[in-house]
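See structure below.
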Amino acid sequence: MTKALIIGGGVAGPTSAIALEKAGIEPVVYEAYDRGADGIGQNLVLAVNGYSALLALGTGHLKAGFDVPRYRFHLGTGKKLAQVPNGDPLPDGTVGRAITRSDLYTTLRDRAIERGIEVNFGKRLVDAKVTADGVTAYFEDGSQAEGDVLIGADGMHSVTRKVIDPAKLSFRYGRLWTTGGYATGVSVPSHTGTEFMYLGKRGFFCHILDHEGRIWWYASITRPEEPTPQQMAAISPEDWREQLIDTFSVDESAAVDIIKATESIWPPRPIQDIPHLPTWRNERMVVIGDACHAVSPSAGQGVSMAIEDSVVLGKCMRDIPDIAAALERYEQIRRERVEKVVAFGKQCSRTLEANGTVRRVGRDLFARLAFGEKTSAKGHESMRWLYDHRIDWDEHVDASTGSRTA
């Protein structure tokens, strides 16, 4: 049986393991953190296309989190623009879902373990080499593992990617910092499952009410110059809270009340993406998810792309016996879509920028037109390429480049 070494245990790791096991391959997952690191990560919205891909693996519906079927857009003045669906529901009624990254990861990890998949913790990859008949992975603790193929699901700062292609990769800075948290004990305009989005005068703010009365929120604020890690580390939690309160104090929204009611605010993080990765693979290794095509936060697509990658990779490995050919076919199927999604994410980030009065006025004028009731309906139709993408697990993958059945 073909053995796959999967590096990384975030979301892409266990998802690809489940897909490969379903394809008749033996997957083994190697996670850098120990099992006690389950709380790592923040929250996200899994878009309906990503949820559909997850269900294609037979994982069942997610119990954690809550449904988010719609967005509601506002200007910083408080003016409501339009309410639009978060993609169309699946035939069984499934819609996009808000969930913490930790809950999604632990759910997928536990389902992988339930299927008999081996998951190793505290295994940080430092190198890997293609051998005469397979691949060997080397870990920080001095151990190593042998397999037939190595899957790099090890995130934006992937070691696997550097092994495949040592050339330095420059991330693209999105001119925004992102942050968020959870607020309790505060009453704000909201409806459970609706994302209230505000294009503020100095930043973007979104909040969602869950079934327990908590407010989930995230924000993006414009910072034209990319910060250094030292500059980010120098911002104390107290200073960051005050910066956010000052940023959103000029808007007619609940942002300030929500920020004040949040016990712990996520440290600021600069938004970056990977617009184009020249080399995805070699004859025995391949990267997936953020290691391959990190996306600016937009429409729940970062994690959705990772799940779609996992399903397509599993199908290719199932239907194409030659490993190098299967990895090549996977790239052929996925590259165009993921790069289009990355470009879409960058466009969304540009829309959120509030850099100067002239740009903000132009942005708000555009928003009034783009998010009017009639234009929003047209916009929903134009987004079907993103949300309506479906992967049929049972459909065969043709090894030839002319067929795109996944």
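Sequential numbering from 1 along the given sequence is applied to the chain's residues.
Legend: residues meeting salt bridge (Lys or Arg N to Asp or Glu O under 4.0 Å) with Arg97, ordered by chain and number and at least two apart, are Asp67.
Side chains of Asp210 and Tyr182: a donor-acceptor N/O pair is absent below 3.5 angstrom, by distance only. With hydrogens and angles left out, the side-chain atoms of Thr247 and Arg202 include no donor and acceptor closer than 3.5 Å. Counted by atom type alone, Thr94 and His61 present one or more donor-acceptor pairs between their side chains at under 3.5 Å. No side-chain donor from either of Thr2 and Asp148 sits under 3.5 Å from a side-chain acceptor of the other.
Put simply, the side chain of Asp165 does not reach to within 4.5 Å of the side chain of Arg161, judged on heavy atoms. Considering only heavy atoms from C-beta on, His293 stays 4.5 Å or farther from Leu277 through its side chain. Taking 4.5 Å as the limit, some side-chain heavy atom of Leu55 sits within range of a side-chain heavy atom of Leu90. Side-chain contact between Met383 and Val84 is absent, with no heavy atoms from C-beta onward closer than 4.5 Å. For the pair Thr179 and Arg269, the minimum side-chain heavy-atom distance is 4.5 Å or more. Considering only heavy atoms from C-beta on, Trp280 comes within 4.5 Å of Arg334 through its side chain. By the 4.5 Å heavy-atom criterion applied to side chains, Leu54 and Leu108 are counted as neighbours. A 4.5 Å side-chain heavy-atom check between Asp246 and Gln243 finds every atom pair outside the cut-off.
Look at Asp273 and Arg172 and you find a salt bridge, because one of the NZ, NE, NH1 or NH2 atoms lies within 4.0 Å of a carboxylate O, short of that distance. Remark: Glu308 engages Arg337 in a salt bridge, criterion side-chain N to carboxylate O under 4.0 Å. Here Asp88 pairs with Arg384 in a salt bridge; the nearest charged N to carboxylate O distance falls below 4.0 Å.
Using bins of under 30°, 30° to 60° and over 60° for the plane-to-plane angle, the ring pair His157/Phe171 lands in the perpendicular bin. The aromatic rings of Phe248 and Phe205 sit perpendicular, their planes meeting at an angle over 60°, well past the 30° parallel limit.
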### Task
Give the intermediate values and the outcome of side-chain contact (heavy atoms from CB on, under 4.5 Å) for residues Arg223 and Tyr173.
CA-CA 10 Å; Arg223 292 289 188 270; Tyr173 175 52; 3.4 Å; yes

### Message
The test is side-chain contact (heavy atoms from CB on, under 4.5 Å); show your working for Tyr198 and His207 and say whether it passes.
### Response
CA-CA 9 Å; Tyr198 291 84; His207 64 83; 3.9 Å; yes

### Message
Under the criterion side-chain contact (heavy atoms from CB on, under 4.5 Å), I'd like the reasoning laid out for Tyr218 against Gln42: C-alpha separation, chi angles, the key distance, then a yes or no.
### Response
CA-CA 10 Å; Tyr218 61 91; Gln42 298 163 355; over 6 Å; no

### Working for side-chain contact (heavy atoms from CB on, under 4.5 Å), residues Leu209 and Ile215
CA-CA 5 Å; Leu209 176 68; Ile215 301 293; 3.8 Å; yes

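A donor-acceptor distance shorter than 3.5 angstrom exists from the side chain of Asp154 to the backbone of Val159, with no hydrogens or angles considered. Side-chain N or O atoms of Thr262 include none that pairs as donor or acceptor with a backbone N or O of Ile265 at under 3.5 Å. The backbone N or O of Leu62 lies less than 3.5 Å from a partner atom in the side chain of Tyr51, making a donor-acceptor pair. Under the 3.5 Å distance criterion, the side-chain polar atoms of Asp319 are left unmatched by any main-chain donor or acceptor of Ala399. No donor-acceptor pair under 3.5 Å is formed between the side chain of Arg284 and the backbone N or O of Arg281. In this structure a side-chain-to-backbone donor-acceptor pair under 3.5 Å is missing from Ser52 to Val48. Side chain of Lys315 to main chain of Asp392: a donor-acceptor pair is present (N/O by atom type, distance under 3.5 Å, no hydrogens or angles). Distance alone, capped at 3.5 Å, is enough to place a donor-acceptor pair between the Asp309 side chain and the Gly289 backbone. Under a 3.5 Å cut-off, the side chain of Arg318 and the backbone N or O of Val397 do not form any donor-acceptor pair. A donor-acceptor distance shorter than 3.5 angstrom exists from the side chain of Trp240 to the backbone of Trp266, with no hydrogens or angles considered.
Nearest heavy-atom pair, Arg335 versus His276, reported as atom, atom and distance to 0.1 Å: NH1-CE1, 3.1 Å. Of all heavy-atom pairs between Glu195 and Tyr71, the closest is OE2-CE2, 3.1 Å. Heavy-atom minimum distance, Pro275 versus Val342: CA-CG1, 3.7 Å. The heavy-atom pair separating Ile258 from Ala183 by the smallest distance is O-CB, 3.5 Å. Closest non-hydrogen pair, Ser16 versus Ile288, comes out as CB-CD1, 3.8 Å. Contact record, Ser304 with Leu46: OG-CD1, 3.6 Å, taken as the closest heavy-atom pair.
Sorted by first and then second residue, the side-chain hydrogen bond (donor to acceptor under 3.5 Å, both in side chains) pairs with a member in residues 111-120 read Glu21-Arg115, Glu118-Asn120; sequence neighbours excluded.
If you take CD on Gln301 and CG on Leu386, they are separated by 4.0 Å, rounding to the nearest 0.5 Å. Once rounded to the nearest 0.5 Å, the distance linking CG of Leu199 with CZ of Phe204 reads 6.5 Å. Expressed to the nearest 0.5 Å, how far CG of Leu5 lies from OG1 of Thr160 amounts to 10.0 Å. Atoms NE2 and CD, from His74 and Gln83 in turn, are 8.5 Å apart once rounded to the nearest 0.5 Å. Expressed to the nearest 0.5 Å, how far OG1 of Thr136 lies from CD of Glu146 amounts to 4.5 Å. Atom CD1 of Ile323 is separated from atom SG of Cys316 by 13.0 Å, given to the nearest 0.5 angstrom.
Taking the ring axis of Tyr30 as reference, the NZ or CZ atom of Arg124 does not stay both within 45° of it and closer than 6.0 Å to the ring centre.
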